[in-house]
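Step one of this worksheet: look at the structure below.
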Amino acid sequence: LKLQFLYLIAINTLKAHPNMCVTMQNRAVGGASVPAKERAQEYEKFTHEAVASNPNLMVCDGWVLDISEFKREHPGGPDYMSLWAGKDVSEIMRQDAVHKHTDYAFRVVESLRVGTLIGADISRSENRQYDGLVNTEAPMLPQVSGLGDKYVGWLASQPVVRKLLVFPAPADVLEPLTHHPWWWIFIGVPPLIAYGLWHSASLGCDAATLFSGFLVGLLSWVFAEYTLHRFMFHMETSTMPTNIFHFFMHGLHHLTPNDHSRLTFPPALTYMFAVLFWQLFKAACMGLPQHGAMFSGLVFGYLAYDSTHFLYHHTNGKRIGNYQFPKWFASYLCFMKSHHNTHHFLNDNCNFGVSSPLLDFAFGSYMSKEDAEKMRETQTMGMVCNRVEKDGTKKTQ
């Protein structure tokens, strides 16, 4: 299987190059980020006129941003970004009335920097607990393997990685295996649904039995999706093998949430789970012919899950391209997009349901965007107070 192949290659690559792990274990001790003013000296200087006349530039906190590629990734779409081209967005990004941006959004801003605005103040503090642990421009595999018990905390700190490389040379020839087109699910998954229904029908199931079995399978997907996401994809891990396993399973997506080539389940992993669930349904039905229809319902649920997941990350929830969603669907999609974004960008210990929030409500893992923001602010203030008490100063940040 593709996942097992990548995992074995990863382990053997690190065994063959142990210095990679040692280097990253030394770096993972922690380090302070370079002050903004010192880093600003390395950047190009821009005048107000130069920024205002360029449709691909923007200013935030004195830094000049290149938004030429990011326009397509912004949740509001390129048209909305164009409204602010050449302008200063420092205040608008912090206004609750418009849209209060998360820490992740400001990390995205940092990744877009190409210069500084002449005469602007860029002294805003940027120190963070996990800064300096990983060089996002270098291959990730040796770095992740060396993070140890800091891996989960670093991943939860929502680092922004725009162009992620996994394998170091000479294993970089395997890099294409970490990508797959998001639309493959519409080619590779429907045959599984058709096969399950055909199998049950060929064993004598009538239409009513097929329909009821399909509904049971669809409901079982809701539980499978929630359970896998909460307990496998967000498991606690601290060893090199488990960190690498989690990195390939789900860490890649959290590092690059807007990368459509790493958004849906990899084909090999999808078929591996398909075989597993086929056998589970067959055993649960104890020979009854409905297991094929139940399997089809579950696979249909997966197809709906991955489709809506794509819409959360690559549309504004109201339309895709020039097609406007129906109002009822757009309302649900916007709610679920906010629900999922809270999981990604505010608190990854909540909102595990992707296609439905029902089990989050049922098992107490639901958190609204507002509550997550309040919790984040409380935690931030607590860290500041602890730092002040430890340093013995009265300085606030």
Side-chain angles (χ1 to χ4, degrees), residues 1-28 69 73 111 133-152 154-156 158-189 192 228-229 232-235 237-276 302 306 309-310 313-314 344:
L1 292 176
K2 178 180 173 183
L3 183 66
Q4 293 174 326
F5 177 68
L6 290 176
Y7 179 75
L8 291 173
I9 289 294
I11 294 295
N12 289 323
T13 299
L14 293 172
K15 285 181 178 179
H17 302 277
N19 290 336
M20 293 180 182
C21 296
V22 175
T23 300
M24 289 316 304
Q25 286 169 349
N26 292 334
R27 288 190 62 181
E69 295 185 7
E73 299 178 13
S111 72
L133 286 182
V134 171
N135 176 10
T136 58
E137 296 181 359
M140 300 298 293
L141 177 60
Q143 303 186 77
V144 167
S145 65
L147 288 177
D149 58 4
K150 295 181 183 293
Y151 168 73
V152 173
W154 167 75
L155 191 63
Q158 303 153 355
V160 172
V161 184
R162 301 189 63 79
K163 294 182 179 180
L164 182 145
L165 293 175
V166 175
F167 291 99
D172 54 349
V173 296
L174 300 173
E175 195 70 30
L177 295 177
T178 68
H179 297 271
H180 51 276
W182 65 269
W183 43 260
W184 84 268
I185 56 175
F186 299 108
I187 298 174
V189 174
L192 297 178
L228 288 171
H229 193 188
M232 179 180 287
F233 296 168
H234 285 274
M235 64 181 182
T237 170
S238 59
T239 66
M240 185 183 76
T242 55
N243 285 354
I244 294 174
F245 175 80
H246 181 272
F247 177 71
F248 282 120
M249 180 72 72
H250 197 57
L252 272 171
H253 173 56
H254 269 264
L255 284 177
T256 57
N258 292 324
D259 185 349
H260 60 78
S261 71
R262 288 176 170 133
L263 183 64
T264 58
F265 265 30
L269 187 61
T270 298
Y271 292 127
M272 180 178 74
F273 276 111
V275 173
L276 172 64
Y302 160 71
D306 250 348
H309 191 205
F310 175 84
H313 284 284
H314 294 280
H344 261 284

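For the numbers below, each heavy atom of this structure counts, side chains included, while hydrogens, waters and symmetry mates do not. For the single chain, residues carry numbers from 1 onward in sequence order. Remember, it's a predicted structure, so these values are computed and weren't measured experimentally.
Residues V275 and Y271 form no side-chain contact, since every pair of their non-hydrogen atoms from C-beta on lies 4.5 Å or further apart. For the pair L228/F273, a side-chain contact is recorded, criterion being any heavy-atom separation below 4.5 Å from C-beta on. Side-chain atoms of F310 and I185, non-hydrogen and from C-beta on, never get closer than 4.5 Å to each other. By the 4.5 Å heavy-atom criterion applied to side chains, V134 and L147 are counted as neighbours. The side-chain heavy atoms of W154 and Q143, taken from C-beta on, include no pair separated by under 4.5 Å. Residues H313 and H253 have side chains in contact (heavy-atom distance under 4.5 Å, counting atoms from C-beta outward).
Between F233 and F265, the ring center distance clears the sub-6.0 Å criterion.
No more than 12 heavy-atom neighbours from other residues, nucleotides or ligands sit within 6.0 angstrom of CE on M232. Taking a 6.0 Å sphere around NE2 of H260, one finds it holds 12 or fewer heavy atoms contributed by other residues, nucleotides or ligands.
Rounding to the nearest 0.5 Å gives a distance of 12.0 Å between CG of L263 and CG of L252. To the nearest 0.5 Å, atom CG of residue L164 and atom OG1 of residue T178 are 7.5 Å apart. Y151 OH to T242 OG1: the interatomic distance, rounded to the nearest 0.5 Å, is 9.0 Å. Atom CG in L141 sits 5.5 Å away from atom CZ in F248 (nearest 0.5 Å). A distance of 11.0 Å separates NE2 of H309 from OH of Y302, quoted to the nearest 0.5 Å. Atom CH2 in W184 sits 13.0 Å away from atom CH2 in W182 (nearest 0.5 Å).
The only member of H234, K150, H246 that meets side-chain contact (heavy atoms from CB on, under 4.5 Å) when paired with L155 is H246.
Under the 30°/60° scheme for interplanar angles, the aromatic rings of H250 and H254 are found to stand perpendicular.
Of all the heavy atoms in T237 and N243, the pair that sits closest is OG1-OD1, 2.7 Å. Smallest separation of non-hydrogen atoms from M140 and N135: SD-O, 4.4 Å.
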Cut-off 3.5 Å, no hydrogens considered: what does the side-chain donor-acceptor table look like for residues 168-176, sequence neighbours left out?
residue: E175; atom: OE1; partner: V166; partner atom: N; Å: 3.1
residue: E175; atom: OE1; partner: F167; partner atom: N; Å: 3.1
residue: E175; atom: OE2; partner: V166; partner atom: N; Å: 2.9
residue: E175; atom: OE2; partner: R262; partner atom: NH2; Å: 3.2

